[in-house]
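Every value quoted in this text rests on a predicted model; they were computed, and no experiment measured them.
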Amino acid sequence: MTMEARILARIRKIPRGKVSTYGAIARAAGYPGAARQVVRALHRASDLPWHRVLGAGGEIKLRGEHAFEQRFRLEAEGVTFRGRRVNMGLYEFKFLKRKALRRKKKR
DNA sequence: AGGGTGACGATCA
DNA sequence: ATGATCGCCACCC
C-alpha cells in the first residue's frame, strides 16, 4: 500500500461532525512529520471529506473563498468555531495511533 | 545533484 | 495575535 493510500484511508475515517489535522492524519497513517504529504493527497484525490481537515489548533489553512467554503461546510455539520478556529476539544476525531512505518532507506 | 514547492508545525520576537 | 524562521517530507523539474 502506498503512503498516499494510507493517508487517504485515514481521511475517509473522519466522521461527519468531526475534524482532524494534517499532522494528526500523517501520524495516524504511520508517517509522523509528513503533514505536507497529507496536503498532497488531498490535492490529488477527490470525493473526500476534505473540509474536515484543519491545521494544528483547529485553524483553517485555506485562503479566500475556499476558506469560507470549508467553514460553511463544517458549520453545516454542526462544528462550531471559537474565533478563527474550531473547538478541537469537542470536535477532534481521535485516531488510534499507529507505529511509524519504516521509510525507504537512502542511498 | 541542486533548487523549488506546498491547504504543515513548533518556536520565538 | 502576527509574522519570521527553521525543520520537515515527497515530488518535480
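Spacing between C:dC13 and B:dA7 at atom C1', rounded to whole Å, works out to 23 Å.
Closest approach to the A:Met3 side chain among B:dA7, C:dC11, C:dA10 is made by C:dA10 (side chain taken as heavy atoms from C-beta onward). Distances were taken from every side-chain heavy atom of A:Ala56 (C-beta onward) to each of B:dG6, B:dG9, C:dC12; the shortest belongs to B:dG9. Of the listed nucleotides (C:dC11, C:dA10, B:dG9), C:dC11 has the atom at the smallest distance from the side chain of A:Arg40.
Atom pair A:Leu42:CG and C:dA10:C1' shows a separation of 15 Å (rounding to whole Å applied). Nucleotide B:dG6 holds its P atom 18 Å from the CD atom of A:Glu4, rounded to whole Å. We find that CD of A:Gln37 is positioned 12 Å from P of B:dG9, with the value rounded to whole Å. Summarising the geometry, the separation between CZ on A:Arg84 and C1' on C:dG3 is reported as 14 Å, rounded to the nearest angstrom. Atom CG in A:Leu101 sits about 14 Å away from atom P in C:dC9, given to the nearest Å. Nucleotide B:dA7 holds its P atom 16 Å from the CD atom of A:Glu69, rounded to whole Å. Taking atom OH on A:Tyr22 and atom C1' on C:dC8, their separation rounds to 16 Å, with Å as the unit. For the pair A:Ile25 CD1 and C:dC8 P, the interatomic distance rounds to 22 Å; values are reported in whole Å.
Residues A:Glu69 and A:Arg73 are paired through a salt bridge, judged by an N-O separation under 4.0 Å between the basic side chain and the carboxylate.
Here the CG-CZ distance, from A:Leu74 to A:Arg16, works out to 10.5 Å after rounding to the nearest 0.5 Å.
Judged by distance alone with a 3.5 Å cut-off, no donor-acceptor contact links the side chain of A:Arg36 to the base of C:dC9.
Listed pair A:His43 / B:dA7 meets the phosphate criterion, a side-chain N or O lying under 4.0 Å from OP1 or OP2.
The number of heavy-atom neighbours closer than 6.0 Å to NZ of A:Lys18, taken from other residues, nucleotides and ligands shown, is above 12.
Heavy-atom nearest nucleotides on DNA chain B were determined for A:Val53 and for A:Arg27, and the one closer to the 5' end corresponds to A:Val53.
The main-chain N or O of A:Arg85 is never found under 3.5 Å from a side-chain atom of A:Glu59 such that the two would form a donor-acceptor pair.
Between A:Phe72 and A:Phe68, the two ring planes are parallel [angle under 30°; tilted spans 30° to 60°].
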